[in-house]
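Reading through the structure tokens given below for one structure.
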Amino acid sequence: MEASFEITLQMVIAVVTGISAQVLAAYLRVPSIVLLLLLGILLGSDGIGLLHPHVLGTGLEVIVALATAIILFEGGLNLDLQELGRVSVSLQLLVTQGTLITLLGGSMAAHWLGEFPWNIAFLYASIVVVTGPTVISPLLKQINVDRQVATLLEGEGVLIDPVGAILAFVVLDTIMNGDTDPINAIIGLAMRLGVGAAIGAAGGYLMSLIFKRANFLSFELKNLVVLAVLWGLFTLAQTIRSESGVMTTVVAGVVFANSSVPEERLLRSFKGQLTILSVSVLFILLAADLSIASVFALGWGSLFTVLVLMFVVRPINILFCTWNSDLNWRQKLFLSWVAPRGIVSASVASLFAILLTQRGINGGDAIKALVFLTIIMTVVCQGLTAGWVAKLLQITSKEATGAVIVGCNPLSLLIARFFQEREENVVIIDTDSEFFPQAEAQNLRVIASSALDADVLEEAGLASMGTFLAMTNNGEVNFVLAQRAAEEFNPPRVLAVFPRDPQATLSANSKVNQAFIPDLGVKTWNEYLNDGRVKLGTTTLNESEFSSQQEHIQEKIRTGVLLPLLLEREERLQIMPAIQEWEVGDRIIYLLYDPRPNLLKRLSGATQSTPLSLEKLPEVEEVPLAKLAQLSASEAAGG
């Protein structure tokens, strides 16, 4: 009874501490793994001695195995094959060539600097080839890095985990059995990957069928059925070929996520909660089981080993794997900086320490200590600075430029012109080809298709664009298009023209902003543009007249004679949302309705084909009170 209570107490302490660390990390906006590691070490035998994972015995290995299956399956769920297609070559190289570079570079550093024998050095390097998705995914959500980089990092983290874990077990098997034939090692790696992938693909398809056709089951029960099937697949793969289960869980997640399963978000939510719990408990238990004395006993050579892994091996890896990609130097530099190790490295190192000790092979505790030193240094150093580095390199999603505009009409062509003049990519999508010749005359890229098709948005490059704007003549369609774009591609700025009050329509969590002004009549302003009944103006809000300028412009907006189009702030151009707090220094670009008859305009030299020129218009620039004062003064002088 006392033994069972002790095990219960250990698990409760791990769960309470883990969730508390997650809550505190969310409040402080720091990577949760940092606090999990610190609290785990604090509660362990080298800290206050409250947590003793060895009490769990072999149960710790069971917890590690089943929790890792959940974590990797959830990682597979988050992989979108369409997104991966954009970086597929680089990703393939990172998982294959990159693994080899890290294996060789890490083992040489561990041997020459850490003074480990070659077999132990290779075992260490095989464990740390992986980058943890459980660290990277929360980190990317916090810093909102641009989508292309985020997809590459997430894809690498998820796909390299099973490859690295299986590679590590192949190296361990080679050390323990004394078989140094590289052919046997390669065959063992390929067999585990192949068996795991085959079982995972079949299992993922089975899970999708359950979700699609088992309508008699509630969504709650379906989620639990998927969990049961997942653990069953993991165990089956492990039974057929040891250590192939990790590959099975990833492939099952990828197949399920890309099977167009209805209500998939409910499963994602459920698995996401299980993943947070699993990561929290595992890191607390494994960190508590770490001997700090063994880490300090490694010496300076091991510290230099980790530094070489971070600042030499990783940049070389990225340089070779992204050589022919379309990534710019800023993106490559960020990829070189961010490669934190996570739960898979920790769990594999802990398990290897036990296995090597049982076989009487020296080096197990030293490997575990060095792996945890790698985790601590990469997580703390890279995790705490990734946001700052992303901002410094200007690769956060907020910095993304370019626009995808749905609706080819005079108004959208005018807006596209401004983005084009700044050398930002602009793509226009429409099914109506009436204004296509005008767009092509401006060298604008046009796609003649429906924006309801996600493949069309993918072709337009929305995944890497900064702005999505829907401005067809149909407000209902615009709103639906914007919602789908936000859900599937999540660009930094999503706007639509729709005839409803945004305060009443949009929920607090909606990413769709109403463009320009409420109840904009796109058709009306397009007619104004076609007939030449508008002027194109610009004004900059200054500190001395800020309030009067705002009031004057807002009054013209309310009377329907002024349409604000674009806002330039800190040298960045963005489409004007209907609800926007203006600031001193903002530059506003707008259209002003000019009701003069067309004949009078033609007599004054204006023609319909004359492109609008951007100018400061006196109707907007002159503050009304000042204008009245000038008129009064001139009348008095004339009298």
Side-chain angles (χ1 to χ4, degrees), residues 15 18-19 22 26 32 63 65-84 132-138 140-141 150-151 154-155 157-159 161-162 196-237 245-282 342-344 454 483-484 486-490 507 509-511:
V15 171
I19 299 304
Q22 293 282 359
S32 59
I63 294 171
L66 296 181
T68 302
I70 294 174
I71 293 167
L72 293 179
F73 177 73
E74 201 257 345
L77 285 177
N78 293 326
L79 286 183
D80 189 315
L81 295 181
Q82 290 183 346
E83 290 181 19
L84 291 178
T134 54
V135 186
I136 288 175
S137 295
L140 294 177
K141 290 177 182 177
T151 299
E154 286 181 334
V158 172
L159 294 180
D161 261 4
I199 295 175
Y205 180 70
L206 174 63
M207 293 177 188
S208 67
L209 286 181
I210 293 172
F211 248 71
K212 289 177 181 178
R213 300 185 180 180
N215 297 324
F216 62 92
L217 297 176
S218 66
F219 288 117
E220 293 79 8
L221 191 54
K222 284 182 180 179
N223 289 338
L224 293 174
V225 168
V226 168
L227 177 61
V229 172
L230 172 66
W231 279 343
L233 294 171
F234 177 78
T235 306
L236 175 63
V246 285
M247 189 66 178
T248 295
T249 57
V250 171
V251 173
V254 172
V255 171
F256 184 91
N258 291 274
S259 299
S260 301
V261 177
E263 302 296 336
E264 181 192 334
R265 68 181 187 278
L266 296 175
L267 179 67
R268 287 179 184 270
S269 176
F270 174 65
K271 287 295 184 288
Q273 292 167 359
L274 287 179
T275 296
I276 292 174
L277 177 62
S278 300
V279 170
S280 303
V281 172
L282 283 185
I343 194 65
V344 173
Q483 281 186 314
R484 291 197 59 181
E487 291 172 0
E488 297 189 27
F489 292 87
N490 193 29
S507 66
N509 297 323
S510 177
K511 296 180 180 179

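All values below come from the heavy atoms of this structure, side chains included, with hydrogens, waters and symmetry mates left out. Note that this is a predicted model, so its numbers are computed, not measured.
Of all the heavy atoms in L282 and A67, the pair that sits closest is CD1-CB, 3.5 Å. The minimum heavy-atom distance linking A486 with K511 is given by the pair CB-CB, 4.0 Å. For the residue pair K271 and I70, the shortest heavy atom distance occurs at O-CG2, 4.5 Å.
The shortest side-chain heavy-atom distance between V279 and I71 falls under the 4.5 Å cut-off.
Atom CG of L230 and atom OG1 of T235 lie 9.0 Å apart (nearest 0.5 Å). The CG atom of L72 sits 5.5 Å away from the CG atom of D161 when rounded to the nearest 0.5 Å. Separation of atoms OG1 (T248) and CG (L233) is listed at 7.0 Å; rounding is to 0.5 Å. Rounded to the nearest 0.5 Å, atoms OG1 (T249) and CD (E74) are 11.5 Å apart. In this structure, the separation between CD1 on I199 and CZ on F234 is 11.5 Å, given to the nearest 0.5 Å. In this structure, CZ on F270 lies 4.5 Å from CG on L224, to the nearest 0.5 angstrom.
Every residue was checked against the side chain to side chain donor-acceptor pair (under 3.5 Å) condition with T68, not counting sequence neighbours, and none meets it.
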For residues 250-257, please give each side-chain donor-acceptor pair under 3.5 Å, one per line with the distance, not counting sequence neighbours.
none

With a 3.5 Å cut-off and sequence neighbours excluded, list the donor-acceptor pairs that the side chains of residues 211-223 form with protein atoms.
{"from": "K212", "atom 1": "NZ", "to": "S259", "atom 2": "O", "distance (Å)": "2.8"}
{"from": "S218", "atom 1": "OG", "to": "L221", "atom 2": "N", "distance (Å)": "3.2"}
{"from": "K222", "atom 1": "NZ", "to": "F211", "atom 2": "O", "distance (Å)": "2.9"}
{"from": "N223", "atom 1": "ND2", "to": "F219", "atom 2": "O", "distance (Å)": "3.4"}

